[in-house]
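Each remark here refers to the structure printed beneath this line.
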Amino acid sequence: MDFNAWRRRRISEPAYRWARNALPAMSATEREAIEAGDTWWDADLFTGNPNWRKLLDVPAATLTADEQRFIDGPLARLCAMLDEWDITWNRRDLPPEVWDFLKAERFFGMIIPRRYGGLGFSPYAHSEVVRRISAYSITAGVTVMVPNSLGPGELLMQFGTPAQRDYWLPRLADGREVPCFGLTSPEAGSDAASMVDTGVVCRQVVDGRELIGIRLNWHKRYITLGPVATVLGLAFKMSDPDGILGGPKDIGISVALVPTEAPGVEIGRRHLPAMQVFQNGPNRGRDVFVPLDALIGGAERAGHGWQMLMSALAAGRGISLPSLSAAAAAMCAHTTGMYARVREQFGIPVGKFEGVQEGLARLAGNAYLVEAARRLTCAALNQGVKPAVVSGIMKYHATERMRGSVNDAMDIHAGRAVIDGPSNYLGALYRAVPIAITVEGANILTRNLIIFGQGAIRAHPYLMPEILALGNPDEERGMEVFHDVFWRHLRHTGLNALRAIGRAWTGGMLAPAPSSGPVAGHYRRLGRYASGFALLADATLAQLGGGLKRREMISARLGDILSELYLLSAVLKRWEDEGRKHDDLPLVQWCMEQGYASIEKSMDQVLRNLPGRVLSGGLRAAILPLRLAKGPGDALTRECAELLLKPSPTHARLAADLHRDAGAGDNDPVVLLTRAFALADAVQPLRDRLRQSGVRDWREAHQRGAITDAQATELEQAEALVSRVLQVDDFAPEELSPQAARTAAAGSGDDA
């Protein structure tokens with residue numbers, strides 16, 4: 001008997017029929033979202049046996065000479081112009097001169113090629129610019145990020161016709177046109193299929209000529225740059241009820257460019273998102289007519305809007321929000337470490353208290369990890385990869401770690417960060433957190449549905465071909481493909497099971513690792529968890545099938561494991577790319593230990609909630625016989641915290657070129673804190689010597705001649721500067737209340 005024919009008849013065909021019936025229906029928007037973008041390192045992790053040499057051979061993200069000149073020149077000048085307190089509380093907008101500067105220096109055209117008048121920057125340069133601006137002003141950061149991420153520019157470059165690119169891209173690059181993108185409506189957020197915004201194909205006479213075009217009606221909200229935009233990229237449901245185009249009546253989601261000066265467009269009103277004053281607001285259109293060539297990509301792209309949007313989304317999710325998050329994490333670690341050093345209680349810096357050191361260690365670890373992941377993701381984007389799953393991982397985990405870092409920074413600063421005013425450098429970050437968590441796909445949705453849901457189908461080596469075979473209308477051909485892929489999948493699972501068991505029971509000793517000195521063991525442990533994850537994912541998919549869509553908590557935990565594997569890979573990659581800095585090893589160790597504990601916790605939760613005790617018990621024995629990862633120990637936590645409490649090359653690398661020097665102004669609170677930090681560190685040996693001699697007051701020591709005049713001056717300067725840093729803002733009533741201002745004016749006899 002032909003064994004291949006036997007196993008096809010007895011095993012493959014029954015499996016094919018069962019899976020074909022069990023496979024849930026997939027909507028068009030779901031399919032387009034899943035198929036958008038590329039796979040990358042996430043696919044290696046899904047194999048269960050990642051090729052570490054492939055990761056280490058990825059060229060590190062770097063800047064070109066032109067990009068560095070822009071950062072040292074126009075970007076530095078822009079940052080010096082930004083005063084977030086004035087922007088937020090006095091102007092409620094960027095100053096006119098900042099808007100003019102952004103346009104003149106082509107900040108809105110960073111991603112647009114030079115041949116169209118843009119800067120032609122790499123994704124990494126784009127990310128660097130957004131990151132550095134965001135460290136000074138969230139308002140300016142968001143204003144710059146939007147035209148360079150999901151919006152008309154990105155869509156035109158990917159899908160526009162030559163005529164559309166030639167007309168629009170130069171105008172977007174030099175700021176003649178300010179773009180926005182209208183996707184979210186009151187009825188439809190993440191569920192684009194429920195969109196009620198419509199575009200009906202029709203004929204209309206314009207300037208004496210009859211044109212075929214689209215009559216648009218829409219209501220959008222949460223549109224960044226919407227109130228000041230001159231051109232709106234609009235997503236809508238397109239239909240052709242009269243058959244003018246000769247195709248289907250229901251065409252589907254499409255994208256068009258609409259000049260905001262067109263008759264029927266209502267634009268200009270503003271939202272106030274969490275007291276952030278970047279331009280954001282609703283807009284409407286009532287019977288707005290645009291010609292057919294307003295469709296991005298022309299008529300042949302009609303109905304492909306959702307696929308276009310999903311393909312372009314990698315910029316916003318993989319660059320913009322991670323850049324802002326990396327800036328926030330670095331600034332929180334940098335400023336909180338300095339503050340915890342200069343702020344004393346009971347005669348010692350608060351950063352020496354172990355309760356505070358837990359938060360400092362998290363700040364240092366998060367700053368190192370988020371920056372590592374940002375660089376690795378940019379390295380992929382620089383190579384032309386559009387990593388859809390990785391972008392989802394970055395959107396969720398970068399913004400969540402931003403949330404954790406800001407909360408830790410607020411806790412350690414205590415009242416110093418609660419009182420708003422020009423000297424509060426954390427308030428704007430704190431208010432920005434819920435915005436980053438919400439936009440470009442709410443984090444709950446991203447974690448529970450997208451990361452593993454999309455990752456399993458796209459990044460798994462066999463699942464996507466199996467699904468396509470099951471959906472093939474030619475059942476005979478579908479069965480042939482399924483039979484071949486199915487048996488390769490089974491072989492893969494069997495080998496991976498053996499690999500997972502061997503690695504789990506030896507603590508990862510059997511896993512391969514590059515020659516990486518003190519971190520070689522971490523590659524082995526990650527290899528162990530990768531094989532366990534791949535086996536657990538296969539078993540879960542086999543048991544739950546399409547029902548996994550409804551088991552969102554299990555899907556989320558599997559996504560958490562995949563995410564940790566990616567983020568920890570980035571940590572090791574950063575350590576290698578930066579030249580294996582020995583002083584940074586505590587941070588690497590902290591990130592890895594924290595990640596291992598998270599992975600084992602998620603594995604345990606999946607196993608405890610899988611139906612079927614026999615299967616879950618067998619899987620536990622195979623991949624998690626013991627939970628050994630307990631997270632960073634106290635000694636490591638203290639070591640990481642200390643890295644933030646003194647000036648050092650490691651501290652400087654954590655700040656990641658976000659330092660502010662005297663050029664930022666003597667009243668810049670971060671500049672003052674930096675000076676106080678450096679001076680406090682410089683005088684500490686002298687203070688220690690005085691304390692050991694039993695003298696607590698340097699003035700007394702000076703009077704006795706125990707210290708020189710120069711030493712006394714240095715101590716006095718440090719004391720005065722620290723005192724200034726610890727102050728918080730206060731205001732006269734009329735500065736805060738219009739009513740109080742009117743009362744004060746009336747009392748003074750001022751007619752105003």
Side-chain angles (χ1 to χ4, degrees), residues 331-367 405-419 423-426 583 586-587 590 632-652 654-655 669-704 706-708 711-728:
M331 286 301 294
C332 285
H334 180 48
T335 57
T336 306
M338 293 191 295
Y339 182 80
R341 170 61 186 83
V342 304
R343 176 72 164 122
E344 294 188 354
Q345 292 285 273
F346 308 107
I348 60 174
V350 298
K352 297 294 184 179
F353 292 97
E354 287 198 349
V356 172
Q357 288 187 330
E358 282 190 290
L360 289 174
R362 284 193 298 270
L363 283 164
N366 274 340
S405 292
V406 173
N407 284 341
D408 278 328
M410 294 290 291
D411 285 349
I412 294 170
H413 278 79
R416 174 66 178 79
V418 169
I419 304 303
S423 63
N424 188 335
Y425 41 78
L426 289 178
D583 291 346
L587 296 172
W590 189 95
D634 291 351
L636 180 59
T637 296
R638 287 191 293 268
E639 193 174 2
C640 289
E642 289 290 339
L643 293 173
L644 294 181
L645 295 174
K646 57 187 176 184
S648 69
T650 296
H651 189 138
L654 282 176
V670 179
V671 170
L672 294 175
L673 178 59
T674 304
R675 290 179 185 168
F677 178 61
L679 198 50
D681 184 72
V683 303
Q684 191 59 46
L686 180 57
R687 294 184 65 195
D688 290 340
R689 181 163 62 83
L690 291 175
R691 185 175 291 110
Q692 290 169 3
S693 66
V695 179
R696 290 189 172 273
D697 188 346
W698 61 267
R699 294 173 182 83
E700 179 185 345
H702 186 221
Q703 290 174 352
R704 293 180 182 177
I707 59 175
T708 66
Q711 290 173 326
T713 298
E714 194 174 26
L715 288 166
E716 183 177 25
Q717 289 175 342
E719 186 178 272
L721 193 52
V722 168
S723 176
R724 187 176 175 188
V725 163
L726 299 181
Q727 299 305 310
V728 297

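Because only heavy atoms are used, hydrogens play no part in the values below, and waters and symmetry mates are left out as well, while side chains stay in.
A donor-acceptor contact under 3.5 angstrom links the side chains of Gln684 and Asp688, judged on distance only.
Contact record, Met410 with Leu426: SD-CB, 4.0 Å, taken as the closest heavy-atom pair. Pairing each heavy atom of Gly337 with each of Phe677, the nearest pair is O-CE1, 4.4 Å. Of all the heavy atoms in Cys332 and Thr335, the pair that sits closest is O-OG1, 3.6 Å. Residues Leu654 and Ala364 come closest through the heavy atom pair CD2-O, 3.6 Å. Residues Gly359 and Ile412 approach most closely at C-CD1, 4.1 Å, considering heavy atoms. Minimum interatomic distance between Ile707 and Arg689 (heavy atoms only, all atoms of both residues): CG2-NH2, 4.5 Å.
Not a single side-chain hydrogen bond (donor to acceptor under 3.5 Å, both in side chains) links Thr674 to another residue, sequence neighbours left out.
Of the options Glu642, Glu639, Arg362, a side-chain hydrogen bond (donor to acceptor under 3.5 Å, both in side chains) to Gln357 is made by Glu642 and by none of the others.
Counting heavy atoms from C-beta on, the side chains of His651 and Lys646 never come closer than 4.5 Å. Inter-residue side-chain proximity for Cys640 and Leu636 is flagged as met; some heavy-atom pair is nearer than 4.5 Å. Side-chain contact check for Leu672 versus Leu721: some heavy-atom pair is nearer than 4.5 Å. Residues Glu719 and Arg699 meet the side-chain proximity criterion, which asks for heavy atoms closer than 4.5 Å. Side-chain contact check for Val670 versus Met331: some heavy-atom pair is nearer than 4.5 Å. Counting only heavy atoms from C-beta outward, the side chains of Arg416 and Val728 approach each other to under 4.5 Å. In this structure, the side chains of Thr336 and Leu360 come closer than 4.5 Å at one or more pairs of heavy atoms.
Applying the ring pair (Phe, Tyr, Trp, His ring centres under 6.0 Å) rule to pairs touching residues 679-701 yields nothing, sequence neighbours excluded.
One distance of note links CE of Met338 with CG of Leu645; it measures 11.5 Å at 0.5 Å rounding. The line from CG of Leu643 to CG of Leu363 is 12.5 Å long, rounded to the nearest 0.5 Å.
A donor-acceptor distance shorter than 3.5 angstrom exists from the side chain of His413 to the backbone of Ala409, with no hydrogens or angles considered. Remark: side-chain polar atoms of Glu358 are not paired, donor with acceptor, to backbone N or O of Glu354 under 3.5 angstrom.
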Side chains of residues 342-349: which donor-acceptor partners sit under 3.5 Å, not counting sequence neighbours?
from, atom 1, to, atom 2, distance (Å)
Glu344, OE1, Arg687, NH2, 3.2
Glu344, OE2, Arg687, NH1, 2.8
Glu344, OE2, Arg687, NH2, 3.2

May I have the step-by-step check of side-chain contact (heavy atoms from CB on, under 4.5 Å) for Arg724 and Arg675, ending in yes or no?
CA-CA 11 Å; Arg724 187 176 175 188; Arg675 290 179 185 168; 5.9 Å; no
